Participant: 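Pasting a structure below so you can have a look.
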Amino acid sequence: MTLEERRKLLVELLVDPEVRVSSAAAEALERLESLQELGQCVAALSADKRGVRVKAIFAMASINSPDVFPPLIEQLKDPDADIRAAAVQVLGVKAHPKSLTSLVRHLKEPAPAVRVHTAEALGHFRDPRLVPYLAVVLGDADEQLVIAAASSLGALGAVEAAEPLAGLLRDPRASVREAAARALGEVPV
């Protein structure tokens, strides 16, 4: 049965008098459309133009399927820093536990933008095991990276983040102190 044939059958069920049936049909249609969109995005990942590839990566953020993770994680190995940065951002928003190990490695990335996006992405995971990884980054010279790491430490919701954040309150950079103060306010007591 083709995708289109399945789609037509499910569309007919949208008007089923039984609410459970019409709801199931709507969910199934959404899943089919996501899978179709995923196929288009994966195909676009091999395009020659960087812009097309970046758009495909960001389009994957709206696809609700576990099948998005392997191609996104594969993009973390791309030689182009913009591609890696886009993949990091989408993986962060999706915050799937299986992508966590791949993301943490990018805190040591040579490209500054990728490191900043990685620090931001890790804040979406709300996993206290990330505190030591983000705390190490707080000593970096890159102001944007330190701010991103501080914000993520606050977003983690981990009591263990309080001490590293408190150390930033005396940083010579006002923007770092501001980020640390805001993040410290988010850390549970």
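For the numbers below, each heavy atom of this structure counts, side chains included, while hydrogens, waters and symmetry mates do not. As the structure is a computational prediction, the values presented were derived from the model and not from experiment.
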Participant: Is there a side-chain contact between R105 and K108 in this structure, where contact means two heavy atoms from C-beta onward sitting under 4.5 Å apart?
Facilitator: no
Participant: Should M60 and L100 be regarded as members of a common hydrophobic cluster, given that ILVMFWY residues are connected when their side-chain heavy atoms come within less than 4.5 Å of each other, either directly or indirectly?
Facilitator: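 Same cluster.
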Participant: Got a second to check how far R6's CZ is from L29's CG, nearest 0.5 Å?
Facilitator: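 Atom-to-atom, R6:CZ and L29:CG are 10.5 Å apart.
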Participant: Within the structure provided, determine whether K98 and P66 are in side-chain contact (heavy-atom separation under 4.5 Å).
Facilitator: no
Participant: Out of curiosity, Y133 OH to T118 OG1, how far, rounded to the nearest 0.5 Å?
Facilitator: 14.0 Å
Participant: I'd like to know whether CD of E163 has more than 12 heavy-atom contacts from other residues, nucleotides or ligands below 6.0 angstrom.
Facilitator: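 It does not: E163 CD has 12 such atoms or fewer within range.
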Participant: E186 versus L153: any side-chain heavy-atom pair under 4.5 Å?
Facilitator: no
Participant: Is there a side-chain contact between L45 and P71, using heavy atoms and a 4.5 Å cut-off?
Facilitator: yes
Participant: Taking atom OG of S102 and atom NE2 of H96, what is their separation to the nearest 0.5 Å?
Facilitator: 12.0 Å
Participant: Under a single-linkage definition using a 4.5 Å side-chain heavy-atom cutoff for Ile, Leu, Val, Met, Phe, Trp and Tyr, are L91 and V104 assigned to the same hydrophobic cluster?
Facilitator: yes
Participant: Quick check: do V146 and R173 have side-chain heavy atoms less than 4.5 Å from each other?
Facilitator: yes
Participant: Rounded at 0.5 Å granularity, tell me how far CG in L72 sits from SG in C41.
Facilitator: 9.0 Å
Participant: E109 and side chain to side chain donor-acceptor pair (under 3.5 Å): which single residue from R115, H117, R84 fits?
Facilitator: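 The option that passes is R84.
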Participant: Which distance, rounded to the nearest 0.5 Å, do you find between the NE2 of H124 and the CD of Q89?
Facilitator: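 Reported value, rounded in 0.5 Å steps: 9.0 Å.
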Participant: Is there a path from F69 to F58 through hydrophobic residues (I, L, V, M, F, W, Y) whose side chains come within less than 4.5 Å of each other?
Facilitator: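 Yes, it is one cluster - the side chains of F69 and F58 are joined through contacts under 4.5 Å.
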Participant: Verify, without hydrogens or angle tests, whether K94 (side chain) and I63 (backbone) share a donor-acceptor contact under 3.5 angstrom.
Facilitator: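 The answer is yes, because a donor-acceptor pair under 3.5 Å joins these two groups.
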Participant: For E178, give me all partners under side chain to side chain donor-acceptor pair (under 3.5 Å), at least two apart in sequence or on another chain.
Facilitator: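 R182.
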Participant: What pairs with D80 under side chain to side chain donor-acceptor pair (under 3.5 Å), at least two apart in sequence or on another chain?
Facilitator: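 Checked D80 against side chain to side chain donor-acceptor pair (under 3.5 Å); matches are R50.
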Participant: Taking H106 for the side chain and V88 for the main chain, is one N or O donor matched with an acceptor at less than 3.5 Å?
Facilitator: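 It does not hold such a pair.
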Participant: Hey, mind stepping through V90 and Q75 against side-chain contact (heavy atoms from CB on, under 4.5 Å) and telling me if it holds?
Facilitator: CA-CA 11 Å; V90 173; Q75 297 311 299; over 6 Å; no
Participant: Got a list of side-chain donor-acceptor pairs under 3.5 Å for residues 9-22, not counting sequence neighbours?
Facilitator:
from: D16; atom 1: OD1; to: E18; atom 2: N; distance (Å): 2.8
from: S22; atom 1: OG; to: V19; atom 2: O; distance (Å): 3.0

Participant: Above 12 or not: heavy atoms from other molecules or residues under 6.0 Å from CZ of F125?
Facilitator: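 Enclosed.
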Participant: Under a single-linkage definition using a 4.5 Å side-chain heavy-atom cutoff for Ile, Leu, Val, Met, Phe, Trp and Tyr, are V52 and V54 assigned to the same hydrophobic cluster?
Facilitator: no
Participant: Please confirm whether the backbone N or O of L122 pairs with a side-chain atom of S152, one donor and one acceptor, at under 3.5 Å?
Facilitator: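 No, because the side chain of S152 does not come within donor-acceptor range (under 3.5 Å) of the backbone of L122.
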Participant: Please say yes or no: joined through hydrophobic side-chain contacts below 4.5 Å, possibly via intermediate residues, are V176 and V136 part of one cluster?
Facilitator: no
Participant: Would you call E5 and K8 a salt bridge, taking side-chain N to carboxylate O under 4.0 Å as the test?
Facilitator: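 Salt bridge flag = no for K8 with E5.
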Participant: Rounded to the nearest 0.5 Å, how far does CG of N64 lie from OG of S62?
Facilitator: 7.5 Å
